[in-house]
Number of protein chains: 2
Amino acid sequence: MVRWQPGAADRLRIAALDLFEEHGYDQTTVAGIADRAGVTERTFYRHFPDKREVLFAGSEQLAERASAAVSAAPQGAAPSLLVDAALAGLAESFPDERRPFSRRRQARLDSEPALRERELLKLSTLKGTLVGALAARGASAPAATMTAEAVLSVFHVAFLRWIEEDQQRSMAELQQEALAELRAALGGAGTSAEEGR
Amino acid sequence: MVRWQPGAADRLRIAALDLFEEHGYDQTTVAGIADRAGVTERTFYRHFPDKREVLFAGSEQLAERASAAVSAAPQGAAPSLLVDAALAGLAESFPDERRPFSRRRQARLDSEPALRERELLKLSTLKGTLVGALAARGASAPAATMTAEAVLSVFHVAFLRWIEEDQQRSMAELQQEALAELRAALGGAGTSAEEGR
DNA sequence: GTCTATAGTGCGATAGAC
DNA sequence: GTCTATCGCACTATAGAC
């Protein structure tokens, strides 16, 4: 008889999402989540610093991948290439298999202010990481900030479409679409050259 | 002998800020804040829904003033006029007397993630309010979003300068400066006509 | 104003992997 | 033996209910 089954963190994540859907975030206790996952409350806190975090663990990976992709770009690369790289890095965290889970998770984030709050903090941190990576690739501080904001804006629009019902297209595809829309909305030069590439 | 002094909410705000500075946010208890303000813990929660909120009460007023200023603009007014209006509305909440308090408050927000989190939520709400007000003045949805983001960006830069040590200029002045910088950074037409006004 | 549920922490004990 | 995940229990503070 084993003392503990592996994958406690994953079981806790699933149990939490299930219970949040069934009874709402407030009405779900950490003890209840732990119970369903077959561990004690104390073990929950070994894996997650607080109740909200159970739906956010892994968000550091998102930032790491995005900044790694940017860092892999050649020094002094054109801003548009850095945008492409950052988006590609982000897309890695959203394979098609993850879609159902992301959909359910997002529905919870939207309906619970406490979770929305945490989401904003994570996005803010992600933005900071991106700004740092972009600056390291030669972007000026204001350019890095604006570029990061553009990346997150595109990412956000694409993500919302990605989790729509019946959506079949991949995150990468939807990001390309949203980026094209943003470029079109902004107008100006610098775009046509890219398209001919 | 009076049973209670008026201005309990204000006293609680000051007491909280004092204690957060002295012992840190986590180490400060609501009971301690209430004590210093001369009320009971229960009274604290009558004024503020939770511990974090003690530094945020009044943020609705910020949104109200900004959207009121936008709503006062003529229907179909040029976007740049709406930006000016929104900024003017925001500046009302930052008279020079408030500067020392804002400075201390911001230092706490920056140093405590739990407070930063709440700040981001408030800014997100403010942005939503602004988008609504701008849309009501005839801006398209994407335009309203981008305009609101630009307003908040200018506001943010100006606010950071406003709370710098030895800063003498008013919030309104600093916002004008930051707006000019943003316009310059974005380049393009539509700016010179305004300046000649 | 009092009472209570629950979030979250600190610390020691324990079981299994290596 | 060490290392790591878990458990158990006592405890404080937040926040809401009565």
Side-chain angles (χ1 to χ4, degrees), chain A residues 1-59 108-109 111-119 121-122, chain B residues 1-6 8-9 11-13 15-57 59 108-109 111-119 121-122:
Chain A
M1 181 63 184
V2 293
R3 180 180 161 103
W4 46 270
Q5 297 292 328
D10 276 337
R11 290 202 315 280
L12 285 165
R13 269 188 276 268
I14 305 290
L17 190 49
D18 287 346
L19 291 172
F20 292 167
E21 286 172 349
E22 289 171 27
H23 312 116
Y25 177 83
D26 285 336
Q27 292 308 309
T28 302
T29 68
V30 172
I33 298 168
D35 247 31
R36 179 180 287 219
V39 296
T40 65
E41 194 175 344
R42 200 68 191 77
T43 298
F44 178 96
Y45 287 108
R46 176 167 311 283
H47 289 278
F48 309 103
D50 63 51
K51 186 178 168 185
R52 301 171 185 195
E53 205 67 17
V54 71
L55 289 188
F56 290 93
S59 66
R108 285 309 100 202
L109 300 200
S111 65
E112 174 57 44
L115 295 173
R116 230 177 88 61
E117 205 169 46
R118 180 59 53 86
E119 186 192 17
L121 184 63
K122 296 289 181 182
Chain B
M1 182 63 186
V2 293
R3 185 184 164 111
W4 47 269
Q5 298 293 327
R11 291 204 313 282
L12 285 165
R13 270 187 274 269
L17 191 49
D18 287 346
L19 291 172
F20 292 167
E21 286 172 350
E22 289 171 28
H23 311 116
Y25 178 82
D26 285 335
Q27 292 308 309
T28 301
T29 68
V30 172
I33 298 169
D35 245 34
R36 179 181 286 219
V39 298
T40 67
E41 197 174 340
R42 189 72 185 74
T43 300
F44 178 96
Y45 286 108
R46 280 198 335 105
H47 289 279
F48 310 101
D50 64 50
K51 184 178 166 185
R52 300 173 185 193
E53 207 67 17
V54 71
L55 289 188
F56 290 93
S59 65
R108 286 309 100 203
L109 301 199
S111 65
E112 176 56 45
L115 295 174
R116 229 177 90 58
E117 206 170 46
R118 181 58 52 85
E119 186 192 18
L121 185 64
K122 296 291 182 183

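Since the model is a prediction, treat every value here as computed from it, not as a measurement. Keep in mind that the numbers below use all heavy atoms, side chains included, and drop hydrogens, waters and symmetry copies. Residue numbers begin at 1 in each chain, while the letters A, B, ... track the order of the sequences.
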Open item on the list: Quick one, A:Leu12 and A:Arg36 - any side-chain contact, counting heavy atoms below 4.5 Å?
Closed with: no

TODO: Would you indicate whether the side-chain heavy atoms of A:Phe56 and A:Leu115 approach each other to under 4.5 Å?
DONE: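 Side-chain contact under 4.5 Å: yes.
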
Between atom [atom1] in [X] and atom [atom2] in [N], what is the gap in whole Å?
{"X": "A:Glu53", "N": "C:dA7", "atom1": "CD", "atom2": "C1'", "value": "15 Å"}
{"X": "B:Asp50", "N": "D:dA17", "atom1": "CG", "atom2": "C1'", "value": "17 Å"}
{"X": "A:Arg52", "N": "C:dA7", "atom1": "CZ", "atom2": "P", "value": "12 Å"}

TODO: Would you mind telling me which residue lines up with the more 5' stretch of DNA chain C, A:Lys51 or B:Thr40, judged by nearest nucleotide?
DONE: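 It is B:Thr40 whose nearest nucleotide is closer to the 5' end.
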
TODO: Answer yes when A:Lys122 and B:Glu117 have at least one side-chain N-carboxylate O distance shorter than 4.0 Å, and no when they do not.
DONE: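 A salt bridge is absent here (no side-chain N lies under 4.0 Å from a carboxylate O).
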
Open item on the list: Would B:Lys51 and B:Phe44 count as a cation-pi pair here, with the cationic atom under 6.0 angstrom from the ring centre and within 45° of the axis?
Closed with: no

Open item on the list: Would you say that more than 12 heavy atoms from the other residues, nucleotides or ligands in this model lie under 6.0 Å from the CZ of A:Arg116, or not?
Closed with: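 Incorrect, the count does not exceed 12.
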
Task: Proximity to DNA chain D (any heavy atom under 4.0 Å), residues of residues 41-48 of chain A only - done: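 Close to the strand are A:Arg42, A:Thr43, A:Arg46, A:His47.
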
Open item on the list: To the nearest 0.5 Å, what is the distance between CD on A:Gln27 and CZ on A:Phe20?
Closed with: 12.0 Å

TODO: Might you point out which heavy atoms bring B:Leu55 and B:Leu109 nearest each other, and give the distance in Å?
DONE: CD1-CD2, 4.2 Å

Task: Closest heavy-atom pair and its distance - A:Phe48, A:Ala9 - done: CZ-O, 3.8 Å

Open item on the list: Please list, in numerical order, the residues of residues 23-37 of chain A that have a heavy atom closer than 4.0 Å to any atom of DNA chain C.
Closed with: A:Thr28, A:Thr29, A:Val30

